[in-house]
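Since the model is a prediction, treat every value here as computed from it, not as a measurement. Just so it is clear, the values below take in all heavy atoms, side chains as well, and ignore hydrogens, waters and symmetry mates.
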Amino acid sequence: MHDDVLSELLRPLWLTDVFYSMWQAGGPWGVKGYDDECAIVHYMIEGGCVIGFGDGSAPTELHEGDLAIFPHGTAHTFAAEPGVRTTPLSALVPHCRPGRSGVVTVGAPPYRTRMLCASLRYSAIGEPGLYQALPRIIVLRRHMLEGEPLLLRTLESLPSEIGRTAPGSRLVTLRAFETVFVLSLRLAMQELAEESPALQALHHPGISKALLAIHGSYAEPWTVESLAREAGMSRSVFSQMFRDLVGEPPMRHLTARRLQEARRLLADTTVPQQDIAQRIGYRSQVGFHLAFRKECGTTPGDYRTHRSAAGRTPRRGRPGPDRAGRDGEAPARPAAAGDAGPAAGPDGKGGAARGE
């Protein structure tokens, strides 16, 4: 088993495309984005801005050297100050495609605000449940970044790197943004745990061990009792704390992780369908089919057929805030460590029916 819960949490997600741009702004400027399925990054190089969500919540101020991460691409505005008139993002960046869009200018000179904006498009297999519970915005202040040298150096190097056209530049940029994203979540776990139950769960000495077991060794025959022992906690305390921090019972979380892996394996047509149930921890095909249909609303066979057809027919969606277009499906990812393992409990459902 790996000893890194964050790595295991993010293992099913892998970056496939990134759209990035340099922004310069001046005067009473404002930009309005909208919801989309990607992670968003705003790094303030010079000046500052305020972030708003249009729901009555207090605006979030970003200052020079601050980094804001939007794990879910939540719709937001970013502006010189609260209450200014905003321009739709689509009017400024109408055609988002993977790669660099150049410099986006908003407002009027003198341009005293400069920032790096990026949209990170991850695989479409589905986000882990705990990832979905992350807050809509994570703000890392300049003084926090100074304590994470690799993250800070990567951010400071990106503006010059993304302007290069040398061989391999696209892959270098892709991996650099992925590094920024992972390091940002790691820093948030350390510095901002009290601001989010999901971050608390990743940081908690006992719950994080259980999450590591679920995400890294999902095929093992885990029960509430064995997960509680893994966490070093009593069954009752573990069950309640897991619910409070993760947002669902431990066995429900395990089932979701197994079925997430099933979707990934079904998308890879080189994996025999009859092998998938055992590889994710189900003893019986029937138990696997019932759980998959309940979770996904379709059978494993129909899911594989649909995914194969989608891969042959590229789909195009609307561009998102600072992000790449949704042109087709991501390629299947190579099998992760821990794919194979012992079967689940006697009911073939890993205890999911117990709701714990």
Colleague: A side-chain contact here means heavy atoms from C-beta on lying under 4.5 Å apart; do L140 and Y43 qualify?
Modeller: no
Colleague: With a 4.5 Å limit on heavy-atom distance, are the side chains of L290 and Y282 in contact?
Modeller: no
Colleague: Any side-chain heavy atom of L185 sitting closer than 4.5 Å to one from L202?
Modeller: no
Colleague: Please report the shortest heavy-atom distance between I137 and A68, naming the atom on each side.
Modeller: CD1-CB, 4.4 Å
Colleague: Begin with the C-alpha distance, continue with both residues' side-chain angles, and end with the deciding distance and a verdict on side-chain contact (heavy atoms from CB on, under 4.5 Å) for L116 and F177.
Modeller: CA-CA 11 Å; L116 172 63; F177 276 109; 4.2 Å; yes
Colleague: Look at the side chain of S169 and the backbone N and O of A166, then say whether any donor-acceptor pair between them is shorter than 3.5 Å.
Modeller: yes
Colleague: Does some side-chain heavy atom of I45 sit less than 4.5 Å from a side-chain heavy atom of P159?
Modeller: yes
Colleague: Side chains of T298 and H306, heavy atoms from C-beta outward: is any pair under 4.5 Å?
Modeller: no
Colleague: Are V84 and L62 linked, directly or through intermediate hydrophobic residues, by side-chain heavy-atom contacts shorter than 4.5 Å (ILVMFWY only)?
Modeller: no
Colleague: Under a 3.5 Å distance rule, please check whether T16 uses its side chain to pair with a backbone N or O of R121 as donor and acceptor.
Modeller: yes
Colleague: Hey, any chance V224 and V237 share a hydrophobic cluster, counting ILVMFWY side chains that come within less than 4.5 Å of each other, even indirectly?
Modeller: yes
Colleague: Any salt bridge linking R235 with E225? Criterion: basic side-chain nitrogen under 4.0 Å from a carboxylate oxygen.
Modeller: yes
Colleague: Nearest 0.5 angstrom please: T74 OG1 to D35 CG, how far?
Modeller: 6.0 Å
Colleague: How far does CE of M44 sit from CZ of R114, to the nearest 0.5 angstrom?
Modeller: 10.5 Å
Colleague: Among all residues two or more places apart in sequence or in another chain, which pass the side-chain hydrogen bond (donor to acceptor under 3.5 Å, both in side chains) test with T87?
Modeller: none
Colleague: In terms of relative ring orientation, are F292 and Y303 parallel, tilted or perpendicular, with 30° and 60° separating the classes?
Modeller: perpendicular
Colleague: Got a second to check how far L187's CG is from I138's CD1, nearest 0.5 Å?
Modeller: 10.0 Å
Colleague: Looking at residues at least two apart in the chain, or sitting in another chain, which of them share a side-chain hydrogen bond (donor to acceptor under 3.5 Å, both in side chains) with R304?
Modeller: none
Colleague: Hydrophobic cluster membership, with links at side-chain heavy-atom distances under 4.5 Å among I/L/V/M/F/W/Y: are L10 and L150 in one?
Modeller: yes
Colleague: Could you tell me which non-hydrogen atom of A193 sits nearest to which non-hydrogen atom of Q200, and how far apart they are?
Modeller: O-CG, 2.8 Å
Colleague: Hey, could you give me the CD1/OG1 distance between I162 and T173, rounded to the nearest 0.5 Å?
Modeller: 7.0 Å
Colleague: Indicate if M189 and L152 have the same hydrophobic cluster label, given that clusters are the connected sets of ILVMFWY residues with side-chain heavy-atom separations under 4.5 angstrom.
Modeller: yes
Colleague: Just to verify, what does S157 make a side-chain hydrogen bond (donor to acceptor under 3.5 Å, both in side chains) with, not counting sequence neighbours?
Modeller: none
Colleague: Would you please say whether a donor-acceptor pair under 3.5 Å links the side chains of R257 and Q260?
Modeller: yes
Colleague: Determine, using the 4.5 Å side-chain heavy-atom cutoff (strictly less than), whether V271 and L259 are members of one ILVMFWY cluster.
Modeller: yes
Colleague: Check C38 against L120 and note the closest heavy-atom contact, atom names and distance.
Modeller: CB-O, 3.3 Å
Colleague: Side chains of T86 and V31: does their closest heavy-atom pair fall under 4.5 Å?
Modeller: no
Colleague: Count the heavy atoms belonging to other residues, nucleotides or ligands that lie under 6.0 Å from NE2 of H203, then report whether that count exceeds 12.
Modeller: no
Colleague: Restricting to salt bridge (charged side-chain N to carboxylate O under 4.0 Å, His left out), what partner residues turn up for E61, sequence neighbours left out?
Modeller: none
Colleague: Please list all pairs passing the side-chain hydrogen bond (donor to acceptor under 3.5 Å, both in side chains) test where one or both residues lie in residues 135-152, with sequence neighbours left out.
Modeller: D55-R136, S57-R136, D66-R141, E148-R186
Colleague: Applying side-chain contact (heavy atoms from CB on, under 4.5 Å) to E295 and R263, what does each step give before you reach the verdict?
Modeller: CA-CA 11 Å; E295 176 82 6; R263 292 193 296 272; 4.3 Å; yes
Colleague: Which heavy-atom pair separates M233 from G206 by the least distance, and what is that distance?
Modeller: SD-CA, 4.2 Å
Colleague: What distance do L151 atom CG and M144 atom CE have between them, rounded to the nearest 0.5 Å?
Modeller: 12.0 Å
Colleague: Can you check whether S217's main-chain N or O pairs, donor with acceptor, with W222's side chain at less than 3.5 Å?
Modeller: yes
Colleague: Y131 vs F181 aromatic rings, parallel, tilted or perpendicular, using cut-offs 30° and 60°?
Modeller: tilted
Colleague: Compare every heavy atom of R258 with every heavy atom of Y218, then report the nearest pair and how far apart it is.
Modeller: O-NE, 2.7 Å
Colleague: Got a salt bridge between E178 and R175, using NZ or NE/NH1/NH2 to carboxylate O under 4.0 Å?
Modeller: yes
Colleague: Do you know the tightest heavy-atom contact between W29 and F78?
Modeller: CZ3-O, 3.2 Å
Colleague: Let me confirm one number: the NE2-CG distance from H204 to D244, rounded to the nearest 0.5 Å.
Modeller: 10.5 Å
Colleague: Enumerate the side-chain hydrogen bond (donor to acceptor under 3.5 Å, both in side chains) contacts for residues 102-113, please, sequence neighbours excluded, ordered by first and then second residue.
Modeller: Q24-T105
Colleague: On the 0 to 90° scale, with breaks at 30° and 60°, tag the H76-F70 ring pair as parallel, tilted or perpendicular.
Modeller: parallel
Colleague: Inspect the contact between R264 and E261 and indicate whether a charged nitrogen and a carboxylate oxygen are less than 4.0 angstrom apart.
Modeller: yes
Colleague: Is the backbone N or O of Q274 less than 3.5 Å from a side-chain atom of Q285, with the two atoms forming a donor-acceptor pair by type?
Modeller: yes
Colleague: Compare all side-chain heavy atoms of I276 with those of P300 and state whether any distance is below 4.5 angstrom.
Modeller: no
Colleague: If we only count heavy atoms from C-beta on, is the P88 to K32 side-chain gap below 4.5 Å?
Modeller: no
Colleague: Under the side-chain contact (heavy atoms from CB on, under 4.5 Å) criterion, do H72 and L134 qualify, and how do the steps go?
Modeller: CA-CA 8 Å; H72 319 292; L134 289 173; 4.0 Å; yes
